[in-house]
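Computed from a predicted structure; not experimentally measured.
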Amino acid sequence: MILALSQALMLCAIVLSMVLAAILGAMLAPDKGLAMLPVAAMLIGNNRVPR
């Protein structure tokens, strides 16, 4: 039960961080086309980590 709750909270935190990165990127970017750059950098960075 604790593991299931921990995983649920972790997934919620991941989604929340991606949503906040997009919102903050839209607020801070001088060009709205660059608003998703922080999210793209997170996705590329996570996929480049050797496992």
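- Put simply, Met36 and Leu43 are part of the same group of oily side chains (I, L, V, M, F, W, Y) that touch within less than 4.5 Å, one to the next.
- Hydrophobic clustering keeps Val19 apart from Leu11 (ILVMFWY residues linked when any side-chain heavy atoms are closer than 4.5 Å, directly or through intermediates).
- With values rounded to the nearest 0.5 angstrom, Ile44 atom CD1 is found 8.5 Å from Leu37 atom CG.
- Summarising the geometry, atom OG belonging to Ser6 is positioned 10.5 Å from atom CE belonging to Met1; distances are rounded to the nearest 0.5 Å.
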